[in-house]
Amino acid sequence: MTRHAPRPHPAPLDLTTAHPLQPSWDLQLGGLGADALHLALEHGLFDHLQQFKPATQLAQHLDWHADSTGYFLELLWSQGLLERDTQHPAHYRNRPLADRHLRSDGASYCGDALMFRHRVLRETGAQLDDYLRSGLPRRTPTSVQLDQAWANAARLQIAQEQRAVTCDSACALLASLPEYPRLRRLLDLGGGPGLVAIALARQLPALSGTVFEYPQTAAVAAHNIDAAGLSARLHAQGGDLDSDDIGCGYDLIWCSSVLHFVRDLPATLQRLHAALAPGGLLVCCQAEVPQARAAAAQVLPYYLHMRLQGRHVLAEGELAGQLRDNGWCGVEQIDGVRYPVTPVTAVIARKAQE
Ligand SMILES: C[S@@+](CC[C@H](N)C(=O)[O-])C[C@H]1O[C@@H](n2cnc3c(N)ncnc32)[C@H](O)[C@@H]1O
């Protein structure tokens, strides 16, 4: 008869502490949540949930399977998009954020922008293997192709994001600067649909200025300026920022998520300096790659696509450093500014008074 030695007790385990693999599982679960949101938007689900409804009623509207609809609604509730009424069977309706941003006639609908971002992120994931094997894409689009794509974006997703997010952040940021009440001439460089220039002109009655964009995109901005009744103070100028004249004598150059795309960053910064009036202000809002891991995790997935395409995405503090080294004064930096998809860094720099 063999005798077994008594087994040692297992090391004590805190059963409620997450397993080290939990961050990997969370990444995978996030992907399914994104698919669910995309599908809900594609089918206009939030348009049907202004009032509490049971899954059976929604399933009838959308011609879906009733039980599956129940599980789907419960998932969206768990993700913070829907409210649940605990009667049996459960009834669901939009939470205020869904009513405002996800219902197609909501005040700040962002559904197309969210679906666009979803597609780009998924495509980037699908192409990652190719990028790793072959590096940068071999074909670069012509400026006409770029203009066409940006004009489409300006009509839809950029307009939705400017209305829902960017205009408020831009106005609040600029209003916090001492120069704000004295601003008279604005250049909204690469302003897309021009809604930031329009919002600023509404806040500052003495402000006039230019939205500079690729020609077809400038036409979208011109249409919006006209519709806002601001054609006497704002105009849209078509051109290529890399090669065409951007004007001069500006008190403020607002430059949001544009420097990623310029051919020669130092040369562009010099041209911006020359375009400002003495004492004029450059305000650049764009993502930089943070040093801290948690902040980087918010920025890097979104900008991976751009970096893989060879665009500039600067390191934290890099733009402010370049401006300080090249004759700009009063350079300030504000990190974590609220912006579409990921927070950005605002860099504020001044041209010296003569
Ligand atoms: C990411 S969008 C940003 C739009 C807007 N500033 C905002 O933050 O909502 C970049 C914009 O820069 C414009 N852009 C990029 N390169 C340009 C160039 N070389 N000339 C003119 N516009 C350009 C694009 O047309 C596009 O509208």
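All ligand and atom numbering here is 1-based and tracks the order in the structure. Quick caveat, the model's predicted, so the values are computed rather than measured.
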Just by modelled atom types, is the Ser104 backbone N or O under 3.5 Å from a matching donor or acceptor in the Asp47 side chain?
-> yes
So for Glu161 against ligand 1, with non-hydrogen atoms under 4.0 Å, the contacting part is neither
Per-atom filter on ligand 1: closer than 4.0 angstrom to a heavy atom of Gly190 are 3 (C), 4 (C), 5 (C), 6 (N), 11 (C), 12 (O), 13 (C)
| request: For Gln322 and Leu319, indicate whether the former's side chain and the latter's backbone hold a donor-acceptor pair under 3.5 Å. | output: no
- More than 12 heavy atoms of other groups within 6.0 Å of Asp63 CG: no
Closest to atom 2 (S) of ligand 1 among protein heavy atoms sits Trp150 CZ3, 3.5 Å
among protein heavy atoms, the one nearest atom 3 (C) of ligand 1 is Ser256 O, 3.5 Å
**Report entry** Nitrogen or oxygen of Glu213 less than 3.5 angstrom from that of ligand 1
**Finding:** yes
- Message: Under 3.5 Å between any N/O of Phe212 and any N/O of ligand 1: does that happen in this structure?
- Response: no
of all protein heavy atoms, closest to atom 10 (C) of ligand 1 is Ser257 O, 3.5 Å
Under 3.5 Å donor-acceptor, Gln50 side chain and Asp99 backbone
no
The atoms of ligand 1 lying under 4.0 Å from a heavy atom of Asp240, numbered in the order shown, are 18 (C), 19 (N), 20 (N)
Is there side-chain contact between His38 and Arg122, with heavy atoms separated by less than 4.5 Å? no
Candidates Trp254, Tyr339, Tyr214; heavy atom nearest atom 17 (C) of ligand 1 found on Tyr214
Any nitrogen or oxygen of Asp188, side chain or backbone, less than 3.5 Å from one on ligand 1? no
Within 4.0 Å of some non-hydrogen atom of Gly239, the atoms of ligand 1 are 20 (N), 21 (C)
The protein heavy atom nearest to atom 7 (C) of ligand 1 is Gln162 NE2, 3.4 Å
- Classify the angle between the aromatic ring planes of Trp25 and His19 as parallel (below 30°), tilted (30 to 60°) or perpendicular (above 60°). tilted
Per-atom filter on ligand 1: closer than 4.0 angstrom to a heavy atom of Gly192 are 27 (O)
With heavy atoms and a 4.0 Å threshold, my read on which part of Leu241 contacts ligand 1 is both
The atoms of ligand 1 lying under 4.0 Å from a heavy atom of Ile158, numbered in the order shown, are 2 (S), 9 (O)
Determine whether Val120 and Tyr303 fall in the same hydrophobic cluster, where Ile, Leu, Val, Met, Phe, Trp and Tyr are linked whenever their side-chain heavy atoms lie under 4.5 Å apart. no
| task | Taking atom types as modelled, find out whether Ser256 and Tyr339 have a side-chain donor-acceptor pair closer than 3.5 angstrom. | result | yes
Below the 3.5 angstrom mark, is there an N/O of Thr166, backbone or side chain, next to an N/O of ligand 1?
no
Of all heavy-atom pairs linking Ala228 and Ile198, the shortest is CB-CG2, 3.8 Å
Donor-acceptor contact present, side-chain His91 to main-chain Pro89, <3.5 Å = yes
